[in-house]
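See structure below.
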Amino acid sequence: MKLMLTRILTFIIIVLMISVTGCKEEEKKPTPSKPIANFEVAEADDSKDPQNIEDARDDGQKIDATKLSQKKGKANGIDVSKWQGKIDWKKVKASGIDFAIIRVGYRGENGLLYKDANADYNIQQAQKAGVLVGVYFFSTAIDTKEAKEEAEWTVSLIKGYKISYPVVYDCEGFDSSDSRMYNLTAKERTDNAFAFLNTVKSAGYEPMFYASKSDLEQGSAFETKRLEDNFMIWLARYTTPPYPETEKPDYFGRYDMWQYTNKGTVNGIEGYTDMVVSYFERKSAKPKDSNADIPEVTPPKDAQELIYKEVNETVTAKIEVNLRSGAGTNFESVGKLTNGSTLRRTGIGTNGWSRLIYKGKIVYAITSYLTTDLKKEPEPKEDIVEGNVFTAKKDKVTAKEEVNLRSLPTTSGQIVGKLLNGEVLERTAVSNRGWSRLIFNGQTVYAVTSYLTNDLSYKPEVEDGIKTEFTAVNEQVTAKNETNLRTLPSVETGEVVYTLKNGEYVKRTGVATNGWSRLEYNGKTVYAVSSYLTK
């Protein structure tokens with residue numbers, strides 16, 4: 001009897017051990033996806049995505065990830081969203097990519113929050129492959145309440161993940177009259193950024209602000225210095241040639257990461273992706289909440305798996321649309337379809353793209369830009385030149401000092417003249433990327449907006465014969481590492497009188513818009529590059 005009882009007890013113990021072990025294994029599995037508590041997140045809708053735009057962003061230079069070197073930066077990265085499709089993260093890691101900034105969501109122009117359909121998949125697979133992760137949220141917040149809500153939602157989504165790189169606030173497109181942010185002032189947009197980033201910081205994450213060079217320099221978009229003094233900056237600036245051949249961007253403000261092209265090719269990603277260099281390194285981090293649910297996700301469909309409804313019909317463009325080699329704005333543009341010209345459409349995808357035949361080859365275009373109404377009158381054509389979306393403006397401007405007049409709104413455009421301070425030209429439009437359209441000798445030319453002013457009586461300060469506009473300040477600064485103090489605000493003509501090292505303080509009396517600071521050293525006025533200084 002005792003032997004039988006012993007056997008029965010042993011059997012029960014073994015069953016319980018197996019059950020407990022099974023439960024422990026089950027706890028490690030991702031939990032099914034479910035709504036995030038306390039936040040109303042809308043169902044996925046590509047038409048509401050503010051980054052689902054055919055914005056002619058073809059201005060970056062091509063660069064292959066395998067040709068990158070980390071000697072000029074600390075780490076090589078990319079930033080991605082659902083528009084990169086199904087990513088093979090093992091191949092991405094093998095291509096030399098150290099980190100990825102992954103979009104977790106956005107607020108649509110309808111004011112609703114949307115989760116990026118591939119966010120959880122991208123984060124999980126990137127970390128599994130050994131790629132360190134940061135995240136970004138694409139904001140259209142119109143006040144600090146909305147911006148704080150965006151941050152709180154972002155934090156609730158990522159708290160179970162190992163977030164090593166910053167949590168980024170990305171606010172773009174506010175120059176468009178269709179944007180819900182259109183009438184916000186620079187202060188209001190900056191206040192929104194502060195609300196988001198301070199909420200992120202209080203949750204224990206590293207906050208970072210993303211913007212283009214033109215938005216940071218103009219002063220009409222954001223209060224740049226206020227942001228630089230409080231947060232890390234991620235600069236978007238596409239140079240010719242791109243990094244690493246161009247070692248640093250032509251920007252004199254603070255930047256901690258640099259997005260240098262939107263035409264990066266990385267093994268494991270079909271089509272183009274944004275490329276980033278970081279000037280700091282991070283290591284694998286621990287989750288803020290190790291008990292947080294990790295959603296179970298299914299891999300996104302790749303281009304071959306996307307479902308297309310078969311059709312056979314003739315279409316034209318409502319206005320004008322790029323024809324791309326793949327179904328996504330990350331694919332190369334191989335042509336354009338304009339209103340009145342027609343192509344045969346063979347399929348309409350569930351991804352918002354149409355499949356067309358162009359010169360005997362399969363191409364893709366955004367469905368919402370196409371119509372089968374071949375007699376439809378064209379809608380007013382959007383004014384886009386070299387990726388710049390222009391808005392009409394009529395005023396008179398002069399140069400703050402002097403500025404090149406170019407044939408196109410890009411630094412690669414041919415220089416056709418110069419505008420000097422005191423000379424006046426008529427301005428007819430301004431772009432969302434910091435360029436103005438002017439009339440010069442009867443022809444259309446372009447100039448950088450931040451170098452212009454409509455205050456026709458404006459006169460720059462003159463420092464020892466060099467025209468430089470300084471804003472008076474009174475503060476103590478030191479070098480971030482070390483920097484030269486010069487007799488003039490110019491690396492060409494300014495003589496080096498001393499090399500200031502970190503920990504040695506001097507008085508700063510002025511800050512210039514062209515990236516120079518005016519200082520006092522040994523009773524004399526000297527100058528140094530502002531981005532090499534810190535309070």
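Computed from a predicted structure; not experimentally measured.
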Consider only side-chain N and O atoms of [X] and [Y], and report whether a donor and an acceptor are under 3.5 Å apart.
| X | Y | result |
| --- | --- | --- |
| Lys91 | Asn267 | no |
| Ser139 | Glu150 | yes |
| Tyr238 | Gln259 | yes |
| Arg437 | Thr428 | no |
| Thr140 | Arg107 | no |
| Asn339 | Lys318 | no |
| Trp234 | Asp79 | no |
| Asp49 | Trp83 | yes |
| Ser214 | Arg433 | no |
| Ser284 | Ser164 | no |
| Asp373 | Thr371 | no |
| Tyr161 | Asp120 | yes |
| Ser354 | Thr367 | yes |

**Report entry** Pairing of Arg406 and Glu386 as salt bridge, 4.0 angstrom limit
**Finding:** no

**Report entry** Charged N-O contact under 4.0 Å between Lys82 and Asp116
**Finding:**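 No, this pair does not count.
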
**Report entry** Criterion salt bridge (Lys or Arg N to Asp or Glu O under 4.0 Å) on Glu245 and Lys67, from CA distance to verdict
**Finding:** CA-CA 10 Å; Glu245 190 175 346; Lys67 297 180 180 180; over 6 Å; no

Query raised in the report: Between Gln127 and Trp89, is a side-chain contact (heavy atoms from CB on, under 4.5 Å) present by the stated rule, with each step listed?
Result: CA-CA 9 Å; Gln127 293 182 341; Trp89 284 99; over 6 Å; no

Can you check whether [X] and [Y] have ring centres sitting under 6.0 Å from each other?
| X | Y | answer |
| --- | --- | --- |
| Phe196 | Tyr169 | yes |
| Tyr243 | Tyr260 | yes |
| Tyr446 | Phe440 | no |

Donor-acceptor pair, [X] side chain versus [Y] backbone, under 3.5 Å?
| X | Y | value |
| --- | --- | --- |
| Thr246 | Pro241 | yes |
| Arg103 | Ala119 | no |
| Thr185 | Glu188 | yes |
| Gln125 | Tyr121 | no |

[atom1] of [X]: more than 12 outside heavy atoms within 6.0 angstrom?
| X | atom1 | value |
| --- | --- | --- |
| Lys148 | NZ | no |
| Ile439 | CD1 | yes |
| Lys93 | NZ | yes |

For [X] against [Y], the heavy-atom pair lying closest together:
| X | Y | answer |
| --- | --- | --- |
| Lys159 | Tyr205 | CA-OH, 3.3 Å |
| Ile97 | Val131 | O-CG2, 4.1 Å |
| Leu370 | Val321 | CD2-CG1, 4.0 Å |

Query - Stepwise ring pair (Phe, Tyr, Trp, His ring centres under 6.0 Å) check, Phe222 with Phe174 - result: CA-CA 11 Å; Phe222 297 99; Phe174 44 80; 5.5 Å; yes

Query raised in the report: Yes or no on salt bridge (Lys or Arg N to Asp or Glu O under 4.0 Å) for Lys263 and Asp274, after CA distance, side-chain angles and deciding distance?
Result: CA-CA 6 Å; Lys263 283 190 176 179; Asp274 295 339; over 6 Å; no

Query - Stepwise salt bridge (Lys or Arg N to Asp or Glu O under 4.0 Å) check, Arg254 with Asp256 - result: CA-CA 7 Å; Arg254 172 183 175 174; Asp256 304 275; 3.0 Å; yes

Report task. Could you list the residues that satisfy side chain to side chain donor-acceptor pair (under 3.5 Å) with Tyr165, not counting sequence neighbours? Result ->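 Tyr165 satisfies side chain to side chain donor-acceptor pair (under 3.5 Å) with no residue once adjacent residues are dropped.
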
**Report entry** Spacing of Thr199 atom OG1 and Leu197 atom CG [to the nearest 0.5 Å]
**Finding:** 8.5 Å

Query raised in the report: Nearest 0.5 Å, what's the CG-CD1 distance between Asn122 and Ile102?
Result: 5.0 Å

Query raised in the report: Going through the checks in order, is the salt bridge (Lys or Arg N to Asp or Glu O under 4.0 Å) test met by Glu313 and Arg345?
Result: CA-CA 5 Å; Glu313 56 193 14; Arg345 175 160 61 185; 2.7 Å; yes

Query raised in the report: How far apart are the C-alpha atoms of Leu356 and Leu323, what are their side-chain angles, what is the distance that settles it, and do they pass the side-chain contact (heavy atoms from CB on, under 4.5 Å) test?
Result: CA-CA 9 Å; Leu356 311 164; Leu323 305 174; 3.8 Å; yes

Query raised in the report: Are Thr342 and Thr316 close enough, and set up right, to give a side chain to side chain donor-acceptor pair (under 3.5 Å), and what steps lead you there?
Result: CA-CA 5 Å; Thr342 60; Thr316 187; over 6 Å; no

Query raised in the report: Relative to Phe331, does Arg324 satisfy both conditions: NZ or CZ under 6.0 angstrom from the six-membered ring centre, and within 45 degrees of the ring's axis?
Result: no

Report summary line: Exactly one candidate in Thr190, Asp143, Asn192 meets side chain to side chain contact (heavy atoms under 4.5 Å, CB included) with Leu184; the answer is Asn192

